[in-house]
Amino acid sequence: MPADAAIDHLLEGLNPPQRDAVTHGEGPMLILAGAGSGKTRVITHRIAYLLRTGQARPGEILAITFTNKAAAEMRERVELLVGRATRAMWVMTFHAACARMLRAHADKLGFTRQFTIYDSADQRRLMKQCLDNRGYDTKRYTPRAMQSQISRAKNTLVTAEQYAETVGSPFEEIVAEIYADYDRELLRMNAMDFDDMLLNSVRLLERHQDVRDAYSNQFRWVMVDEYQDTNKVQYRWLQLLTSEHRNLAVVGDDAQSIYGFRAADIRNILEFEEDYPDAHVVKLEQNYRSTQTILDAANALISNNRGQMPKHLWTDLGQGDPVRVREMADEHAEARWVTAEIQRLVDEGVSRSEIAVFYRTNAQSRVLDEMLTRAGVAYQVIGGPKFYERAEVKDAIAYLTFLVNPQDATAFTRIANSPRRGIGQTSLSRVLAHANNMGISVWEAAEGEVPGLAKPARNAIGRFMDTMNALKRRAEENGPVAQLLDAVLHESGYLDALHAERTIEAQGRVENLQELVSAAAQYDVNAENGSLDEFLQQTSLFADSDNLREDEGLVTLMTMHNAKGLEFPIVFMIGMEDGTFPHSRSIEESNLEEERRLAYVGVTRAMRQLTLTYARRRMGYGGGGATPTIKSRFLDELPRELTDQPARISRGFPTPGRVASWSQAAAASAEYSADTNDAQLFKVGDDVVHAQLGDGVVTDLQPGGIVVVRFEGEGRDRSLMADVAPIRKR
DNA sequence: GTGACTATCGTTTTT
DNA sequence: CGATAGTCAC
């Protein structure tokens, strides 16, 4: 037992609720952790406390996060606190924990421990194949739509059979068919998709009492981070694992639940106290990050949502500056202004790494991208294509995958003709069909005699499989993964083909592959009993590559989703317009509450200074003219006294780079007079008032005296007859 | 089987 | 506008 002093040290500097959460013993606990309230600190200190006081042994701890990064950070911080390595602790993502369980018990579900993990691109590819097999028109029934339906079903614990029982439309009938086909295909290929990791783990625990007993006895202490983002399967999984000891501590913030579109169910956190009536509830409301003004803005914003768990963030960091709100003429003016502001701040001595710009959609980064480049401001864009999703990386991984999982038709299809070997679509289909007919693996089919194959194709496949067989022999030696990967890249001709291209892009791909080899080498060093299949599964679950770099003096650009969990002294949120943010689709689907939570997440990232900008006009897709916009309703939800806006902003006059003045607004409203309208009266950009629909803006004029108006609170346009509609200019 | 051309369609996306 | 998927002709 360690000295009491060490334990005291763990509790030092914690506020009373934090201390309460850290020292809570047996029994369920809900930690409502407001933004910036020291949540990670509480979890890590709690784990360390449990270990230090001897209540827990490392092997009894299961700490679940959503990202690998969060898991790595958590383990690191715990190890720092307890002063030793704690390999036996399960500190990992839901998916990684499931993968580990499934590997150990794969046979119980009809898989081998070498099963492949499919990402969403693989998923879609297979869906398309299933659709094609049944002869459905993949334009009418897009793989994308199938994927989202099936994924949603899996995440809400609805199996293919159950789905089939509840179909209510022809579309759903097709989904049901494809769902069943797709699952069958996965099983045949010895593969699971991301959603299956959870779903199959639940099946494993439900069907095998002994397995459930073993794990639920092992994990005496379970902690879950970002609980507001858990979905139904994850909920069930936790239930199965914690039924024995009931020491489930969840940490989350209902106000930051922003992954509903990924089937996260906010009810999990809202109803935790109903699920566990004896739950100990701790609220962390003291914020250590932002000024009181920023917190007040966030509190005010979120108070527009119903059914939030009551919470009030406060800080002793002081009032700080007002939230800045700026109107710009268009997105270019917006980008120019933000760029100029950043330059000004940097001149004043602010480090670029202290500045972040958030937007709703990735596409919005483009204009800013250009402007910052032109101005010579160093920046990084977070998001975009991920390392492990790059074609060349996926190809390389597919080679390795096929070596360990000869049933993986997706991997085979991917690599057979990459690099080009003269194996086309038709030959591939023949091989796959043959494997299917004979009930053998693709590997076996490709090695054997495939009926109906033309001689050139047969030779090409023969040579390919010779290479693969040679590589397989190497793989079976269980040497370092890096060496095997290197051999794969050389002997498959992949590198040669890239070199032959002699382009900059190809050079970049070679570099990416080198990076992959390094990653493999890293694995070889770190893994205790490394194996190729473990490396592959680990890699499949590790998607984030473009890790945030903190120390390079770069301004950070990212979506608000990506901003969760981060903080920056200076934050800009751009595109604060209805239709952009809240996004038009969210408005249509009346998903405003989640959208508002996203705004809340954005706002609460700011430590010192928050600036919100919106553009008077914004370009749609086509090069066609920019369309007038309405400023975001979220801006109206901010109390005037928290912002630096003296009064309501004029909507009649675009005022590039500057706030419109009161007098301009007054002039604008004095402009109209007529009672009956003449279509001539309106022009695009006019602000109008409709007797029933309220305020809007003219977005288009059409022949026949039709004015197209977008009203506040609606994501779409309405066509109105100018002379009869009860509208007038404001 | 491969390259070039054209139609289509646009959120967010921890794993 | 621009990425990407799908079609068509060699």
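Just so it is clear: chains get the letters A, B, ... in the order the sequence lines come, proteins before strands, and each one is counted from 1.
Nearest to the side-chain atoms of T559(A) among the listed nucleotides dT15(B), dT12(B), dT2(B) stands dT12(B). Taking the side chain of E589(A) as heavy atoms from C-beta on, and the options dG6(C), dT11(B), dT13(B), the nearest nucleotide is dT11(B). Taking only side-chain atoms of R420(A), from C-beta outward, the nucleotide of dT15(B), dG1(B), dG3(B) with the closest atom is dG3(B).
Across all strands, R360(A) comes closer than 4.0 Å to base atoms (heavy-atom distances).
Under the stacking criterion of a centre-to-centre distance below 5.5 angstrom and an interplanar angle below 30°, Y259(A) is not stacked against the six-membered ring of dT12(B).
Look at the P atom in both dA5(C) and dT12(B): the space between them is 16 Å, to the nearest Å.
Atom C1' of nucleotide dT7(C) and atom CG of D137(A) are separated by 14 Å, given to the nearest angstrom. In this entry the distance linking CZ of R597(A) with C1' of dT13(B) reads 16 Å, nearest Å. We find that CD1 of I423(A) is positioned 14 Å from C1' of dT2(B), with the value rounded to whole Å. The separation between L541(A) atom CG and dT13(B) atom P is 19 Å, rounded to whole Å. D253(A) has its CG atom 20 Å from the P atom of dT14(B), to the nearest Å. Taking atom CG of residue N362(A) and atom P of nucleotide dT13(B), one finds them 5 Å apart after rounding to whole Å.
Salt bridge status for E73(A) with R77(A): present, with a side-chain N to carboxylate O gap under 4.0 Å. For the pair K154(A) and D183(A), the salt-bridge criterion is met [side-chain N within less than 4.0 Å of a carboxylate O].
Classification of dT11(B) as syn follows from a glycosidic angle within 90° of 0.
Every ring-ring contact (aromatic ring centres under 6.0 Å, His included) that F272(A) has, sequence neighbours left out, goes to Y227(A), Y276(A). In this structure, the side chain to side chain contact (heavy atoms under 4.5 Å, CB included) partners of T580(A), at least two apart in sequence or on a different chain, are Q364(A), E577(A), R618(A).
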